[in-house]
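Below is one structure. I have some questions about it.
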Number of protein chains: 2
Amino acid sequence: MNASPDAPEGPRARHNRAGVVEAALGILDQQGLPDLTMRRLAQVLEVRPSALYWHFTSKQALLAAVSARILEPLQRASTDLPSLAAAASVLGSQLRECLLAHRDAAELVSSSLALGLVDPPLHGLLGMVAERVDAPDRLAHTTAEAVTHFVIGHAFHEQQRRHAEALGVLDSSGRPAATTASTPADDGEADFTQVLDLIAAGVAAQLRHGARTL
Amino acid sequence: MNASPDAPEGPRARHNRAGVVEAALGILDQQGLPDLTMRRLAQVLEVRPSALYWHFTSKQALLAAVSARILEPLQRASTDLPSLAAAASVLGSQLRECLLAHRDAAELVSSSLALGLVDPPLHGLLGMVAERVDAPDRLAHTTAEAVTHFVIGHAFHEQQRRHAEALGVLDSSGRPAATTASTPADDGEADFTQVLDLIAAGVAAQLRHGARTL
DNA sequence: ACCTGAACACCGTTCAAGT
DNA sequence: ACCTGAACACCGTTCAAGT
């Protein structure tokens with residue numbers, strides 16, 4: 001399995017930031033955020049925990065890098081979209097896909113974003129769309145805020161609910177326990193699109209109104 | 001200071017859930033969420049950490065109770081509002097006030113909500129408004145989702161930024177360091193109202209559209 | 001009903017030193 | 001450039017036992 005088969009137990013593993021981030025992402029996907037500890041990560045990399053602090057100044061810095069890695073696909077998203085309202089829907093859905101692609105990603109990204117350790121994923125893209133379709137970039141910013149916070153909050157809730165279900169929270173009768181207070185048979189997907197449509201409708205309305213007042 | 005002055009060192013402190021929650025809220029306000037540990041809380045209550053597990057089954061259960069305590073004022077909010085769109089703005093602002101009233105409250109409530117350990121604060125209220133003004137309660141639900149997630153996400157970001165500023169994150173020149181990627185002189189208040197207005201506009205638009213299609 | 005005592009199995013982080 | 005060794009100062013939780 002080693003690159004050099006005649007060094008069966010080399011001096012030690014050698015790593016770089018990208019490799020550490022990838023290993024962390026692996027733990028996240030397979031064990032979840034609570035088990036993504038510096039000590040477990042070190043163990044996977046066959047290294048002492050203190051070694052990680054050569055690559056990252058703190059756990060939060062490491063988590064920020066993992067967040068950026070998770071949001072990476074969005075950087076390649078197309079901004080060739082017909083309107084700001086359409087962009088809100090499309091890019092919002094793509095952000096959601098990035099988050100649902102990795103376990104506990106919404107919670108992780110939420111805190112990195114709040115701490116200001118990752119760039120907001122939608123603001124730049126929506127700004128570009130606004131410029132192309134000649135919409136005010138104040139509105140692009142407002143839209144980005146609305147969509148980003150909603151998508152992350154919604155995905156956070158959804159991923160926690162999935163996890164709870166997967167844990168098999170069963171009452172004594174063997175039926176799954178009630179999931180607190182939510183719509184019966186809560187359809188995350190339909191729920192999600194409805195809200196994005198609501199926001200898109202708001203964007204369209206503001207554009208009509210703004211055309212006169214600005 | 002004691003209720004019975006002739007029991008200078010009584011057997012031990014005696015507590016109930018409400019008292020424990022209040023003490024926890026005190027730590028939150030004065031030291032912040034990272035310092036709200038079971039051990040510190042026990043210390044404040046002059047009790048061993050294990051005693052807390054008589055009142056709450058876990059730390060998360062305790063934190064959920066604190067979250068509910070923080071959201072309590074909203075329960076007394078008026079639903080006598082002219083429209084669903086107006087309710088979105090007014091109740092959204094009131095939710096924000098509840099969160100900004102306590103240090104790190106947005107982060108705390110965000111996770112309790114995601115875990116399904118607290119009732120969503122706006123869904124019931126907006127449902128009542130919808131019923132009164134005869135709006136579809138599917139739209140009330142959608143609106144609640146949009147507003148709740150946005151307000152919490154936005155407040156989370158804002159509280160973290162304040163905390164970073166308060167820490168005096170200064171570069172060598174003594175000027176405050178850049179706060180990552182945000183609007184220069186980011187006005188949280190104006191930002192916030194703009195997004196609520198956007199959502200309210202979306203609600204109004206959906207109502208007009210729904211009047212024909214539903 | 002409410003708490004103590006003692007233990008278990010963990011954390012993130014620092015820093016001198018090694019190669 | 002990248003890692004070890006050893007330590008520091010913590011965590012949440014369980015459970016038998018006390019009053």
Side-chain angles (χ1 to χ4, degrees), chain A residues 2-4 7-24 27-28 30-67 104 107-108 111-112 115 117 163 167, chain B residues 2-4 7-24 27-28 30-67 104 107-108 111-112 115 117 163 167:
Chain A
N2 264 343
S4 48
E9 295 295 333
R12 271 303 160 209
R14 233 89 208 288
H15 299 288
N16 51 37
R17 291 173 61 99
V20 174
V21 167
E22 223 58 32
I27 296 177
L28 186 71
Q30 289 155 34
Q31 332 251 31
L33 189 55
D35 284 346
L36 177 42
T37 67
M38 296 303 262
R39 298 178 112 99
R40 245 176 156 74
L41 178 55
Q43 197 176 311
V44 164
L45 294 171
E46 292 181 291
V47 130
R48 303 297 133 197
S50 52
L52 298 173
Y53 289 84
W54 192 91
H55 299 284
F56 296 93
T57 60
S58 67
K59 187 185 183 184
Q60 276 187 344
L62 185 255
L63 293 181
V66 177
S67 295
D104 292 342
E107 180 175 7
L108 173 59
S111 93
S112 296
L115 291 166
L117 301 175
H163 186 233
L167 266 179
Chain B
N2 264 343
S4 48
E9 295 296 331
R12 272 303 160 208
R14 233 89 209 290
H15 299 289
N16 51 36
R17 291 174 61 99
V20 174
V21 167
E22 223 59 31
I27 296 178
L28 187 71
Q30 290 155 33
Q31 333 251 31
L33 189 55
D35 284 348
L36 177 42
T37 67
M38 297 302 263
R39 299 177 111 100
R40 247 177 154 75
L41 178 55
Q43 197 176 312
V44 164
L45 294 170
E46 294 182 290
V47 130
R48 305 295 134 199
S50 52
L52 298 173
Y53 290 84
W54 191 89
H55 299 284
F56 297 93
T57 60
S58 67
K59 187 186 182 183
Q60 277 186 343
L62 185 256
L63 292 181
V66 176
S67 294
D104 292 341
E107 180 175 5
L108 172 59
S111 93
S112 296
L115 291 165
L117 301 175
H163 186 236
L167 265 181

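Letters A, B, ... mirror the listed sequences (proteins, then strands); counts begin at 1.
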Integer angstrom distance from the P of D/dC2 to that of C/dA17
22 Å
Calculate the interatomic distance between A/Gln31 atom CD and C/dC10 atom C1'; express it in whole Å.
15 Å
To the nearest angstrom, the CG-C1' distance between B/Asp35 and D/dA9 comes to 13 Å
Which residues pass the side-chain contact (heavy atoms from CB on, under 4.5 Å) test with B/Ser58, not counting sequence neighbours?
B/Gln60, B/Ala61
Nearest-angstrom distance from the residue atom CG of B/Leu62 to C1' of D/dC11:
15 Å
Just so I know, are the side chains of A/Leu36 and A/Asp104 near enough to count as touching, which here means a heavy-atom distance under 4.5 Å?
no
Readout for nucleotides 12-19 of chain D: B = base within 4.0 Å of protein heavy atom, S = sugar-phosphate only, - = neither; 5' to 3' it is BBBB----
Just to be sure I follow the notation: if a pair is Watson-Crick (purine N1 to pyrimidine N3 plus N6-O4 or O6-N4) or a G-U wobble (N1-O2 and O6-N3), each under 3.5 Å, what dot-bracket string does DNA chain C give, with | for pairs to another strand?
||.|||||...|||||.||
Could you measure between the two C1' atoms, the one in D/dC3 and the one in C/dA16, and give it in whole Å?
13 Å
Treating B/His15 as the side-chain partner and B/Leu45 as the backbone partner, does any N or O pair qualify as donor plus acceptor under 3.5 Å?
yes
Looking only at side-chain N and O atoms, does A/His55 come under 4.0 Å of OP1 or OP2 in D/dC3?
yes
Taking side chain as C-beta onward, heavy atoms only, is A/Pro49 less than 4.5 Å from A/Thr37?
no
Sub-4.5 Å side-chain heavy-atom contact between B/Phe56 and B/Val21
yes
Gap between atoms CZ and P, on B/Arg48 and C/dC3 respectively (whole Å)
12 Å
Please tell me if the side chains of A/Leu62 and A/Leu41 come closer than 4.5 Å, counting only heavy atoms from C-beta onward.
yes
Considering non-hydrogen atoms only, spot the tightest contact between A/Arg40 and A/Asp35 and give its length.
CD-O, 2.8 Å
Value in whole Å for how far the C1' atom of D/dC11 lies from CG of B/Leu52:
14 Å
At their closest point, which heavy atom of A/Met38 faces which heavy atom of A/Lys59, and how far apart are they?
SD-CG, 3.8 Å
Nearest whole Å is fine: how far is D/dC3 C1' from A/Gln43 CD?
17 Å
side-chain contact (heavy atoms from CB on, under 4.5 Å) with A/Ser67: of A/Leu108, A/Leu115, A/Leu117, only one passes, and it is A/Leu108
